[in-house]
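Read through the structure below, which is laid out as structure tokens, and then see the notes.
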Amino acid sequence: MKLEIAAKPPFSLHSVIHSHGWARLAPFNLDDETGEFSYVLELENQRVLKLIIEEIPDGVSVEIEDPISKVEANEISEAVAWMLGLDQDFSEFYELARGESKLEHIEREAQGRILRSPTLFEDTIKTILTTNTAWSGTIRMANTLVTQFGEAIPGDDTAKAFPNPDTIAESDEKTLREETRLGYRSSYILNLAREVNSGTFDLETLKDSDLPVEKVRDSLLSIKGVGNYAVANLLMLLGHYSYLTIDSWALKMVSHEWYGGEPVTPTEVEQAFEKWGDWKGLAYWLWDWSYDGE
DNA sequence: GGTAGACCTGGACGC
DNA sequence: GCGTCCAGGTCTACC
């Protein structure tokens with residue numbers, strides 16, 4: 001079974017996949033040898049399917065091994081469209097960026113879309129898993145979480161979906177610490193799963209909320225484990241670019257780019273991108289640093 | 001409101 | 001082998 005989903009041009013699946021590290025976090029999978037890009041999705045009816053996503057002339061195709069119903073096809077199409085930002089329009093940003101040599105590549109390569117998970121719950125957990133750890137640690141923790149708590153495709157225990165809030169909520173901090181090895185993040189993730197599962201916190205409504213970005217930010221900041229860096233990352237995934245994902249890497253890059261290697265503060269990083277207004281988060285993210293950080 | 005210090009883990013590094 | 005440091009931060013107590 002193969003679905004075809006249109007994307008607003010210009011579009012590049014390669015640019016979405018490489019927009020950040022998410023393609024390396026389970027249940028995404030990017031095969032370095034074949035180039036195959038896939039995601040294991042659990043549908044609302046709890047059916048678990050592997051989606052193989054490829055670029056086609058006007059968008060993407062999604063290959064599913066087994067037959068699916070029309071309702072399931074619609075759910076998959078909506079999920080993939082969200083994950084790849086197929087409806088997103090960056091023409092205003094492209095126009096603004098013309099003439100800036102450090103951003104001259106973005107329109108040519110159709111950059112701007114940032115790969116995201118089907119749910120904000122999954123992206124929030126993954127963002128928490130990026131904090132205060134090496135990237136290899138983030139990959140390990142996400143993989144263990146999926147392996148330990150995710151629903152498998154029938155007959156294939158190696159392919160599992162991202163766990164639902166209820167599955168994690170039923171766990172406990174000891175298990176998350178000692179078996180999933182999430183460290184001090186265990187309590188953050190357990191609290192979030194329990195709040196979402198109980199309905200205390202309706203996280204998913206923030207995906208298409210009419211609230212001002214400041215209100216969305218406040219709501220996300222109320223999550224334990226989500227601070228300034230994490231909230232900026234989540235806002236960027238939601239399509240709000242007025243905050244910068246200032247982490248230790250950003251400080252190093254801006255220091256090298258404009259301050260001759262001298263230490264800089266988060267305020268100075270903000271100032272460096274102030275001219276890009278509501279697009280500054282994306283300008284920072286897509287900036288050609290051409291400095292490898294070594 | 002600003003800022004030390006603690007926090008899990010695992011890989012890199014020096015000895 | 002072993003100890004130390006620290007990585008794509010955040011929270012809390014304290015001032």
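- Atoms CE (A:Met141) and C1' (C:dA7) sit 11 Å apart, rounded to a whole Å.
- Remark: the separation of the C1' atoms in B:dG2 and C:dG8 is 24 Å, to the nearest Å.
- At a threshold of 4.0 angstrom between heavy atoms, the contacts of A:Thr133 include nucleobase atoms, whether or not backbone atoms are also involved.
- Residue A:Ala230 has its side chain nearest to C:dT10 when only B:dC7, C:dC11, C:dT10 are considered.
- At B:dC8, none of the side-chain N or O atoms of A:Arg181 fall inside 4.0 Å of OP1 or OP2 (strictly under the cut-off).
- Spacing between C:dC5 and B:dG5 at atom P, rounded to whole Å, works out to 15 Å.
- When the C1' atom of B:dG10 is taken as reference, atom CZ of A:Arg185 falls 11 Å away, rounded to whole Å.
- Residue-level contact check: A:Gly137 touches neither bases nor backbone, having no heavy atom under 4.0 Å from any strand.
- The nearest whole Å value for the distance from the NZ atom in A:Lys224 to the C1' atom in B:dA6 is 15 Å.
- Nucleic acid contact class of A:Arg177 (heavy atoms, under 4.0 Å, all strands): sugar-phosphate only.
- The residue A:Ile223 sits close only to the backbone: its heavy atoms come under 4.0 Å of sugar-phosphate atoms, none of a base.
- Between A:Ser136 and A:Leu182, the residue anchored closer to the 5' end of DNA chain B is A:Leu182, taking for each the nucleotide with the nearest heavy atom.
- Rounded to whole angstrom, the span from the CD1 atom of A:Ile189 across to the C1' atom of B:dT9 amounts to 13 Å.
- The pair A:Arg116-A:Glu122 fails the salt-bridge criterion, with no side-chain N (NZ, NE, NH1 or NH2) lying under 4.0 Å from an Asp/Glu carboxylate O.
- If you take CD1 of A:Ile128 and P of C:dC11, they are 9 Å apart, rounded to a whole angstrom.
- Between the base of C:dG9 and the side chain of A:Tyr184 there is a donor-acceptor pair shorter than 3.5 Å.
- Here B:dC7 sits opposite C:dG9 as a Watson-Crick or G-U wobble pair (both hydrogen-bonding atom distances under 3.5 Å).
- The same atom, C1', is picked in C:dA7 and in B:dC8; the two are 12 Å apart, to the nearest Å.
- To the nearest angstrom, P of C:dG9 lies 19 Å from NZ of A:Lys126.
- Atom-to-atom, CG of A:Asn132 to P of C:dG8 comes out at 10 Å; the value is rounded to the nearest Å.
- With both ends at atom C1', the span from C:dC6 to C:dT10 equals 16 Å, rounded to whole Å.
- Spacing between C:dC11 and B:dG10 at atom C1', rounded to whole Å, works out to 22 Å.
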Point to revise | Derivation of the salt bridge (charged side-chain N to carboxylate O under 4.0 Å, His left out) call for A:Glu63 and A:Lys50 | key: CA-CA 8 Å; A:Glu63 188 178 343; A:Lys50 179 180 177 181; over 6 Å; no
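- A straight line from CZ of A:Arg217 to P of C:dT10 spans 10 Å, rounded to a whole angstrom.
- Within the nucleic acid shown, A:Asn233 has no heavy atom closer than 4.0 Å to any nucleic acid atom.
- Using a 4.0 Å cut-off between charged side-chain N and carboxylate O, A:Arg24 and A:Asp32 make a salt bridge.
- Relative orientation of the A:Phe273 and A:Tyr284 rings is perpendicular, given thresholds of 30° and 60° on the angle between their planes.
- Comparing A:Trp135 and A:Leu221 by the nucleotide of DNA chain C that holds the closest heavy atom to each, the one mapping nearer the 5' end is A:Trp135.
- Set against B:dT9, C:dG8, C:dC11, the side chain of A:Arg140 has B:dT9 as its closest nucleotide.
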Practice item. Begin with the C-alpha distance, continue with both residues' side-chain angles, and end with the deciding distance and a verdict on salt bridge (charged side-chain N to carboxylate O under 4.0 Å, His left out) for A:Arg47 and A:Glu72. Key: CA-CA 9 Å; A:Arg47 193 174 177 200; A:Glu72 291 173 328; 2.9 Å; yes
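- Taking all atoms of both residues into account, the shortest heavy-atom contact from A:Val60 to A:Val80 is CG2-CG1, 4.2 Å.
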